[in-house]
Amino acid sequence: MFLLADCNNFFASCEMVFNPKLEQKPLVILSNNDGMIIARSPKAKALGVQMGDPAYLYKNRADIIMLSANFVLYSDMSQRVMQTLAKFSPDIEIYSIDEAFLELEDRADLDGFCKEIRQTVKQWTGIPVSIGAAPTKTLAKLASEWAKKAGGVFVFRNNEIEERLAQTELKEVWGIGEGLSDRLKRKGIYTALQLIQADDVWIQKQLGVTGFRTVLELRGTPVFELSEEPEKKKSIVCSRSFGQKVTELSLLEEAVASFAARAAEKLRDQMSLTSFLSVFTESGSCHVHIPNATSYTPELITLAKEGVRRLFRQGAEYRKAGVMLGDFTEDRQGDFLTPAKSDKGEAMKVMDAINARYDRPKVQFAAEGIKRPWKSRRSNCSPKFTTSWNELVKV
DNA sequence: TCTGGGGTCCTAGGACCC
DNA sequence: TCTGGGGTCCTAGGACCC
């Protein structure tokens, strides 16, 4: 059986753990730059606040608490939840910041086991989770949604498929988004049950092979396996909206240098080298092939700055920019002109180690800027309760 | 007059996920 | 006036190979 453990209102729940007064209030968490709503507490949902709503819609609502996103806190809390879940099965796939699949043998008391998991996560971390259990990952995803209305746990076996799927709308299904859902509706398919009863060839034609796999899973045939090892990324992006419009080239250079440095950190973290860099703004992009694959921040900063100089137009107002890395390798293909050995890698290791160890100020490159007027707005952010000695929760 | 059959790689765009 | 930041996979079509 596959279990999907899904944290309820995850970002809002993280805030409530350290500030229980928030439990009584409509609470929303804002995206970077405080632009839009990316998480809502139950009370905020009850008021009709939608995911993705722009923040300004609620600016004058004194009853709604709005917090800037505190991703440092959320990812630390996520790790605690995942470590707790891993105690219950060695076969665990961390699917996203707030979801994990577990795979285990079916058992008569599976319902009780799921309740125990839920209880333990709540007690050890403070985070409420919903758990769905089913013979396939796609059905487990559905079950976890039903769990939210069934006391937190829902165990789902093959003999209930028809009955349940008859009441399941297409867009609730993992892998079927709004586009495909609308397309199928126009063909007269409204429920998941109608979909799994359709003709195989027809389904493949409408949904492609990915959609067909989803249908097999809905029928109770496992297709998607648990992937326990996090795959290495094939591309890495770092992009941000600016806190204020940027019109000066020097500031735009600072920003992309800083994005390149963050992307390079992620690249070294998965021990890859990149041979492709792209710089982009709202109005265009500039791609560079890198002959000697690298993860050395200064080289990437240089390329990013060159790229943005080519994109820059005097008089234009820039609201966001980003850097993307791609075409990764693990080994450098040497050439006669590049020294085989250098201390570049060691320098990056030391820098990464210092930055991992200390909260702030971080070691950074001068090119990333000091004052950074382009930084995203984060006007109402909670402390880093669990990761900064200066911001520990006070009791 | 009549003209095959089998591949690969790359890219852009679309769809989806959190 | 104000609206994030990441990722993945698949497909079709073009270009090319023998």
Side-chain angles (χ1 to χ4, degrees), chain A residues 4-11 28-40 49-61 66-71 74-75 78 82 93-101 137-138 141-142 144-145 170-184 204-215 217 223-224 227 230-245 255 258-259 262-263 265-267 269-270 276 278 280-282 285 287 289 317 319-328 375-379:
Chain A
L4 179 71
D6 188 327
C7 300
N8 301 346
N9 326 306
F10 181 56
F11 298 163
V28 300
I29 311 300
L30 304 177
S31 63
N32 261 336
N33 219 25
D34 293 343
M36 69 183 218
I37 286 156
I38 58 170
R40 307 155 294 156
V49 179
Q50 298 297 309
M51 198 76 153
D53 274 352
Y56 69 81
L57 289 181
Y58 305 101
K59 197 169 59 179
N60 299 319
R61 291 284 296 264
M66 305 173 91
L67 291 178
S68 304
N70 185 348
F71 287 114
Y74 308 152
S75 56
S78 173
M82 300 308 170
E93 171 186 345
I94 297 169
Y95 176 67
S96 73
I97 194 165
D98 69 336
E99 283 172 73
F101 288 102
K137 289 170 95 176
T138 304
K141 278 282 250 182
L142 280 174
S144 77
E145 288 304 312
L170 293 171
K171 62 169 191 283
E172 298 172 52
V173 176
W174 185 41
I176 299 186
E178 207 149 349
L180 293 178
S181 170
D182 287 348
R183 190 145 95 217
L184 288 167
Q204 281 220 37
K205 211 172 146 192
Q206 298 299 318
L207 305 181
V209 301
T210 28
F212 185 60
R213 287 184 197 136
T214 293
V215 171
E217 286 245 319
V223 177
F224 303 132
S227 64
E231 304 276 308
K232 286 192 177 184
K233 305 223 181 305
K234 296 168 182 171
S235 64
I236 289 172
V237 177
C238 181
S239 75
R240 293 283 181 279
S241 300
F242 299 136
Q244 56 191 68
K245 286 174 188 155
S258 178
F259 303 155
R262 293 295 81 67
E265 268 178 27
K266 295 186 214 171
L267 187 67
D269 193 47
Q270 67 166 28
F276 169 83
S278 165
F280 56 90
T281 67
E282 311 103 287
S285 60
H287 315 283
H289 172 72
E317 291 181 329
R319 294 162 46 173
K320 66 186 298 183
V323 169
M324 177 161 87
L325 307 177
D327 289 350
F328 300 154
K375 275 231 141 189
S376 299
R377 280 189 295 269
R378 279 169 110 232
S379 57

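Chain letters run A, B, ... following the sequence lines, proteins first and then strands; every chain starts at 1.
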Measuring to OP1 and OP2 of [N], would you say a side-chain N or O of [X] lies under 4.0 angstrom away?
X: Lys320(A); N: dG5(C); answer: yes
X: Ser96(A); N: dC17(B); answer: no
X: Lys234(A); N: dC9(C); answer: yes
X: Ser241(A); N: dG4(C); answer: yes
X: Lys266(A); N: dG6(C); answer: yes
X: Arg377(A); N: dC2(C); answer: no
X: Ser235(A); N: dT8(C); answer: yes
X: Ser239(A); N: dG6(C); answer: yes
X: Lys232(A); N: dT8(C); answer: no

Polar contact flag, side-chain donor to acceptor under 3.5 angstrom, Asn32(A)-Ser376(A): no
Paired nucleotide for dG5(B) [Watson-Crick or G-U wobble; both distances under 3.5 Å]: dC18(C)
Between [N] ([atom2]) and [X] ([atom1]): distance, integer Å:
X: Ile38(A); N: dG6(C); atom1: CD1; atom2: P; value: 12 Å
X: Glu178(A); N: dC17(B); atom1: CD; atom2: C1'; value: 14 Å
X: Leu170(A); N: dC17(B); atom1: CG; atom2: C1'; value: 17 Å
X: Ile97(A); N: dC17(B); atom1: CD1; atom2: P; value: 19 Å
X: Asp98(A); N: dG7(C); atom1: CG; atom2: P; value: 17 Å
X: Asp53(A); N: dT3(C); atom1: CG; atom2: P; value: 14 Å
X: Met66(A); N: dC2(C); atom1: CE; atom2: C1'; value: 11 Å
X: Glu231(A); N: dG7(C); atom1: CD; atom2: P; value: 15 Å

side-chain contact (heavy atoms from CB on, under 4.5 Å) evaluation trace for Tyr74(A) with Ile97(A): CA-CA 8 Å; Tyr74(A) 308 152; Ile97(A) 194 165; 4.2 Å; yes
What nucleotide among [options] has an atom nearest to a side-chain atom of [X]?
X: Lys141(A); options: dC9(C), dC18(B), dG6(C); value: dC18(B)
X: Arg183(A); options: dC18(B), dT3(C), dA15(B); value: dA15(B)
X: Arg319(A); options: dG4(C), dT3(C), dC9(C); value: dT3(C)
X: Lys59(A); options: dG4(C), dT1(C), dC16(B); value: dT1(C)
X: Lys233(A); options: dC17(B), dG4(C), dT8(C); value: dT8(C)
X: Tyr56(A); options: dC2(C), dG4(C), dA15(B); value: dC2(C)

Any donor-acceptor pair under 3.5 Å from Asp98(A) side chain to Asn8(A) backbone: no
N/O donor-acceptor pair under 3.5 Å between Lys232(A) side chain and Gln270(A) backbone: yes
Heavy atoms under 4.0 Å, any strand shown: does [X] hit a base, just sugar-phosphate, or nothing?
X: Lys171(A); answer: nothing
X: Leu57(A); answer: nothing
X: Arg213(A); answer: sugar-phosphate
X: Ile236(A); answer: sugar-phosphate
X: Gly322(A); answer: nothing
X: Arg262(A); answer: nothing

Val209(A) vs Arg240(A), nearer the 5' end of DNA chain C by closest nucleotide: Arg240(A)
Whole-Å C1' distance, dG4(B) and dC17(C): 15 Å
cation_pi(Lys137(A), Phe101(A)) dist<6.0 Å, angle<=45: yes
Pair Phe11(A) and Phe71(A), ring centroids less than 6.0 Å apart: yes
Met36(A) CE to Gln50(A) CD distance, which is reported to the nearest 0.5 Å: 12.5 Å
